[in-house]
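Numbers for residues simply follow the sequence, beginning at 1.
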Amino acid sequence: MTDISKYDIVVVKFPFASSLKYKARPAVVVSSHEYNANSRDTLLILAISSNIKDKLELEAIVEDWEKSGLLKPSIFKASIATIEKDFIITTIGKLSDNDKKNLDNMVNKIC
């Protein structure tokens, strides 16, 4: 896997609870360069969803979703996860400066 950086939009293997199958889902990397270089080969990610009608008040809209490589209007979900780098399928883009700011504000609200 190539170098992965904070604010990269990645496609991640999200496993189903009761099987070995997975579904590919977009996420944004929120961990720092120092964390991403760790020897455990893990990343901190925040889920992205196109289900914008169920947006919580503290969740943020991805305003420049097309520039970020997303296929549909999307939101940052208020859930941060630790995943192994092996679960990253590909990197599809990077957040715009405006979306970086919106994401950082949201993370500050939830953490």
Quick check for you: to the nearest 0.5 Å, what is the distance between K85 atom NZ and T42 atom OG1? 7.5 Å
CD (E63) and OG (S74) are apart, to the nearest 0.5 Å, by 12.5 Å
Which value, rounded to the nearest 0.5 Å, describes the distance between K6 atom NZ and S31 atom OG? 8.5 Å
Charged N-O contact under 4.0 Å between K100 and D97: yes
Flag if over 12 foreign heavy atoms under 6.0 Å of CG, L71: no
Within a strict 4.5 Å, meaning less than it, do heavy atoms of the I4 and H33 side chains meet? no
On a heavy-atom basis, the closest approach of S96 and S68 is N-OG, 4.3 Å
Any sub-3.5 Å donor-acceptor pair from E59's side-chain atoms to A78's backbone N or O? yes
Would you compute the distance between atom NZ of K72 and atom CG of L70 and round it to the nearest 0.5 angstrom? 11.0 Å
Go through it in stages, so that I can follow the logic: the residues are L46 and M106, the test is side chain to side chain contact (heavy atoms under 4.5 Å, CB included), and I'd like the CA-CA distance, side-chain angles, deciding distance and then a yes or no. CA-CA 11 Å; L46 194 140; M106 188 186 114; 3.9 Å; yes
Do V28 and I92 sit in one hydrophobic cluster, given that two such residues count as connected whenever their side-chain heavy atoms are within less than 4.5 Å of each other, even indirectly? yes
Here the pair of heavy atoms bringing D99 nearest to I61 is OD1-O, 3.8 Å
Distance col, row S50:OG vs W65:CH2, nearest 0.5 angstrom, shows 10.0 Å
Name of the residue among D8, L43, L103 meeting side-chain contact (heavy atoms from CB on, under 4.5 Å) with V30: L103
Gap separating the CG atom of N105 from the CG atom of L58, nearest 0.5 angstrom: 12.5 Å
Treating Ile, Leu, Val, Met, Phe, Trp and Tyr as nodes and any side-chain heavy-atom pair under 4.5 angstrom as an edge, say whether I110 and Y7 lie in one connected cluster. yes
If you draw the axis of the six-membered ring of Y22, does the NZ or CZ of K13 fall within 45° of it and under 6.0 Å from the ring centre? yes
Kindly give the heavy-atom pair with the smallest separation between I45 and F14, and that separation in Å. CD1-CZ, 4.2 Å
The test is side chain to side chain contact (heavy atoms under 4.5 Å, CB included); show your working for V12 and I83 and say whether it passes. CA-CA 9 Å; V12 180; I83 63 157; 3.8 Å; yes
Group every Ile, Leu, Val, Met, Phe, Trp and Tyr by side-chain heavy-atom contacts under 4.5 Å, then state whether I75 and V62 land in the same group. no
Given T82 and Y35, is the side chain to side chain contact (heavy atoms under 4.5 Å, CB included) satisfied, shown in steps? CA-CA 11 Å; T82 303; Y35 184 95; 3.8 Å; yes
V29 and S5: which non-hydrogen atoms are nearest, and at how many Å? CB-O, 3.5 Å
Between L95 and I9, is a side chain to side chain contact (heavy atoms under 4.5 Å, CB included) present by the stated rule, with each step listed? CA-CA 7 Å; L95 293 182; I9 304 290; 3.4 Å; yes
Find out if a path of hydrophobic residues (ILVMFWY) with successive side-chain heavy-atom gaps under 4.5 Å connects L44 to V11. yes
